[in-house]
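Everything below concerns the one structure shown next.
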Amino acid sequence: MAIFRFEHDRIAYANRLGLSLLEAVTPEEILGRSLFDFVHPLDKPRIHNRLERALTGRGAMRPVEMRLRTCADHVRIVSARGQRVGDTSGLIAAVTDITPQRLRSYLQETERNVRHLFENTTDIYYRIDALGKVLMASPAVERILGYTCEAVIGQDSSMFYADPRDRDELVHALTTYGKISDYEVTLLHRDGTHVCVSVSSHAINDEEGNYLAVEGVMRDISERKRLERELHELASHDPLTGLLNRRAFLERATQALQRGQRHAWPITFMILDIDWFKRVNDRFGHLVGDQVLRRFSESVMHQLREIDHFGRLGGEEFGLVLDQCDLNEAHEVGERIRRSIETLECALMEDKPITISVSIGASVSAADDARIETLLERADQALYRAKQEGRNRLVWHKPGYSISKTNLA
């Protein structure tokens, strides 16, 4: 048994087995040093309290287990029993090395803890070999992908990717960097729906550095991605009509203008203003006014192509950009919109349908137009003329050229 004598917390004596326990070659390596130079950091608070009680109390100190870090930086698990020496601050301790017994117990406990984590983690823990075959998957795979653990073992992992090329890119990243963190991919649920996951894993290589397998975790981030899309939708779309809001619309319009300048094709900018809309709000209330705005937006959208951009600038004023569209085609689209609104029944109040009309100011881009605000200003001037000339009409703004509903009749 290893025997130590302490003055306060300092080692004053150690027998041969004591030196061997701490892997000290000579007594000088440990004598005079604090016990806490060797106590494992996780055990220090507990052992400090026990030592204080032993030095101020009477009789033998109850056995206590602790972890010691030796001079060779190895960890030993010991059981110690102490006895105060007379009325001095000294303490005699008998220490038994119980590392083999406790390691067996710790290994069993660790195995139980790992098994518990494996079976109850909300993420998929997985291991896949170099050929892409699934070697292991935690039970979370059933909740996230709809497959039992038994069903995925031995399967080719590419079958779980919405795009199998994503697996090749993931493996390439692993073999290049050795590990990946928060790598986002889209997987296929058993029912065919898409599941967004974040992958953190590392490569397993043999002694020669050859890629053997990959292991890691997959976390379901579908809900997070849905919330991100909703936030983006709220930030870029008008909540009433679902159209692009002013900021997002002008960004799209700017991009369309830049593309048009690069490829030398024109774009058309229109401002659409619902005629006498304030009267609708004043007479029928804002709830009916909101219904009119939604019906107006839907009707205009039915006249547009996927490449066109339509947004709400504010109030009853809307913006429209027709991409890759010459003057005659754009004029036909504008007239088609005006006619559809003219015949639109937006709501039924007092047994009569509410009808509206729209005034449209339009401008086509020129070769030297560098800012979308230039087209917006010209379209706004044309809109002003449309209202002056009686509303329910399309008026163009272009130097030396003007078209309106009246002079085209």
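Only heavy atoms go into these numbers, but all of them, side chains included; no hydrogens, no water, no symmetry mates. All figures in this text were calculated on a predicted structure; none of them were measured in a lab. Numbering of residues begins at 1 and proceeds along the displayed sequence.
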Exercise. Locate the shortest heavy-atom distance separating T99 from D97; write the atom from each residue and the value.
Key: OG1-OD1, 2.6 Å
Self-check item: Heavy-atom side-chain proximity of F38 to L22 below 4.5 angstrom
Solution: yes
Quiz item: Would you find more than 12 non-hydrogen atoms of other residues, nucleotides or ligands less than 6.0 Å from Y177 atom OH?
Solution: no
Quiz item: Does the E29 side chain pair with the main chain of T26, one donor and one acceptor, at a distance under 3.5 Å?
Solution: yes
Quiz item: Going from CG on L293 to CD1 on I274, what distance comes out if it is rounded to the nearest 0.5 angstrom?
Solution: 5.0 Å
Quiz item: Is a donor on one side and an acceptor on the other found under 3.5 Å between the side chain of N15 and the backbone of M1?
Solution: yes
Quiz prompt | Ionic contact status for E389 with R385, cut-off 4.0 Å | solution = yes
Quiz item: So how far is it from R295 CZ to I354 CD1, rounded to the nearest 0.5 Å?
Solution: 11.5 Å
Quiz prompt | Main-chain N/O of R10 paired to H8 side chain as donor or acceptor, under 3.5 Å | solution = no
Exercise. Given salt bridge (Lys or Arg N to Asp or Glu O under 4.0 Å), test R294 with E298 step by step and report yes or no.
Key: CA-CA 6 Å; R294 285 192 291 265; E298 294 167 0; over 6 Å; no
Quiz prompt | Polar side-chain atom of R378 near backbone of V364 as donor-acceptor pair, under 3.5 Å | solution = yes
Quiz item: Is the shortest heavy-atom distance from the side chain of V333 to the side chain of T268 under 4.5 Å?
Solution: no
Exercise. Step through the shown structure and confirm whether more than 12 heavy atoms of other residues, nucleotides or ligands are within 6.0 Å of CZ on R16.
Key: no
Quiz item: So with a 6.0 Å cut-off around NZ of K179, is the heavy-atom count from everything else above 12?
Solution: no
Exercise. Considering non-hydrogen atoms only, spot the tightest contact between A80 and V95 and give its length.
Key: CB-CG2, 4.0 Å
Exercise. Answer yes or no: are there more than 12 heavy-atom neighbours, outside H263 itself, under 6.0 Å from its atom NE2?
Key: yes
Quiz prompt | Interatomic spacing from NE2 in H40 to CZ in R46 - rounded to 0.5 Å | solution = 11.5 Å
Quiz item: Would you say the side-chain atoms of S201 pair up with the backbone N or O of G216, donor to acceptor, closer than 3.5 Å?
Solution: no
Self-check item: Side-chain heavy-atom pair V152, F160 within 4.5 angstrom cut-off
Solution: yes
Exercise. Check L19 against P27 and note the closest heavy-atom contact, atom names and distance.
Key: CD2-CA, 3.8 Å
Quiz item: Side chains of L243 and M301: closer than 4.5 Å at any heavy-atom pair?
Solution: yes
Exercise. Heavy atoms only: give me the nearest M159-L188 pair and the separation to one decimal.
Key: O-CD1, 4.3 Å
Name the atoms and distances for all side-chain donor-acceptor pairs under 3.5 Å in residues 141-148, with sequence neighbours left out.
unit_1	atom_1	unit_2	atom_2	d
R143	NH2	T122	O	2.4
T148	OG1	A151	N	3.2

Quiz prompt | H202 atom NE2, neighbour heavy-atom count above 12 within 6.0 Å | solution = yes
Quiz item: Counting distance only, does the side-chain N/O of S359 pair as donor-acceptor with the main-chain N or O of N392 below 3.5 Å?
Solution: yes
Quiz prompt | Taking every non-hydrogen atom, the tightest pair across R371 and L257 | solution = C-CD2, 3.6 Å
Quiz item: Does atom CD of E377 have more than 12 heavy-atom neighbours, drawn from other residues, nucleotides or ligands, at distances under 6.0 Å?
Solution: no
Quiz item: Heavy atoms, side chains only, cut-off 4.5 Å: are I98 and E65 in contact?
Solution: yes
Practice problem: Any chance you could measure R81, atom CZ, to R62, atom CZ, to the nearest 0.5 Å? | Solution: 10.5 Å
Exercise. Carefully, step by step, assess D182 and R219 under the rule side chain to side chain contact (heavy atoms under 4.5 Å, CB included).
Key: CA-CA 9 Å; D182 295 327; R219 174 164 296 173; over 6 Å; no
Quiz item: Are the side chains of F6 and L51 in touch, meaning some heavy atoms are under 4.5 Å apart?
Solution: no
Exercise. Please round to the nearest 0.5 Å and tell me the distance separating atom CZ of R67 and atom CZ of R76.
Key: 15.5 Å
Quiz item: So, do H194 and L187 sit near enough that their side-chain heavy atoms are less than 4.5 Å apart?
Solution: no
Quiz item: Should L35 and I47 be marked as a side chain to side chain contact (heavy atoms under 4.5 Å, CB included) after you check the CA-CA gap, both sets of side-chain angles, and the distance that decides it?
Solution: CA-CA 10 Å; L35 165 66; I47 300 305; 4.3 Å; yes
Quiz item: Short question: side chain of S365, backbone of P266 - any donor-acceptor pair under 3.5 Å?
Solution: no
Quiz item: So which heavy atom on I267 is nearest to which on A256, and how close?
Solution: CG2-O, 3.7 Å
Quiz prompt | Pairwise side-chain contact, M66 with R50, heavy-atom cut-off 4.5 Å (strictly under) | solution = no
Practice problem: Take Y384 and V395, measure what side chain to side chain contact (heavy atoms under 4.5 Å, CB included) needs, and give me the verdict at the end. | Solution: CA-CA 9 Å; Y384 180 75; V395 172; over 6 Å; no
Quiz item: Just by modelled atom types, is the E329 backbone N or O under 3.5 Å from a matching donor or acceptor in the D326 side chain?
Solution: yes
Exercise. Please say which of Q303, H309, M270 ends up in a side-chain contact (heavy atoms from CB on, under 4.5 Å) with L320.
Key: M270
Practice problem: Kindly check if the number of other-residue, nucleotide or ligand heavy atoms within 6.0 Å of CZ (R190) is above 12? | Solution: no
Quiz item: CD/E223 to CD/E228 distance, rounded to the nearest 0.5 angstrom?
Solution: 11.0 Å
Practice problem: Classify the angle between the aromatic ring planes of F249 and F269 as parallel (below 30°), tilted (30 to 60°) or perpendicular (above 60°). | Solution: perpendicular
Practice problem: For the residue pair D275 and S357, confirm or rule out a side-chain donor-acceptor distance under 3.5 Å. | Solution: yes
Practice problem: Ignoring hydrogens and angles, tell me if any N or O in the side chain of R247 forms a donor-acceptor pair with the backbone of A235 under 3.5 Å. | Solution: yes
Quiz prompt | Intermediate values then yes/no, side chain to side chain contact (heavy atoms under 4.5 Å, CB included), D220 and I124 | solution = CA-CA 9 Å; D220 184 357; I124 300 174; over 6 Å; no
Quiz prompt | D123 (side chain) donor-acceptor with A140 (main chain) under 3.5 angstrom | solution = no
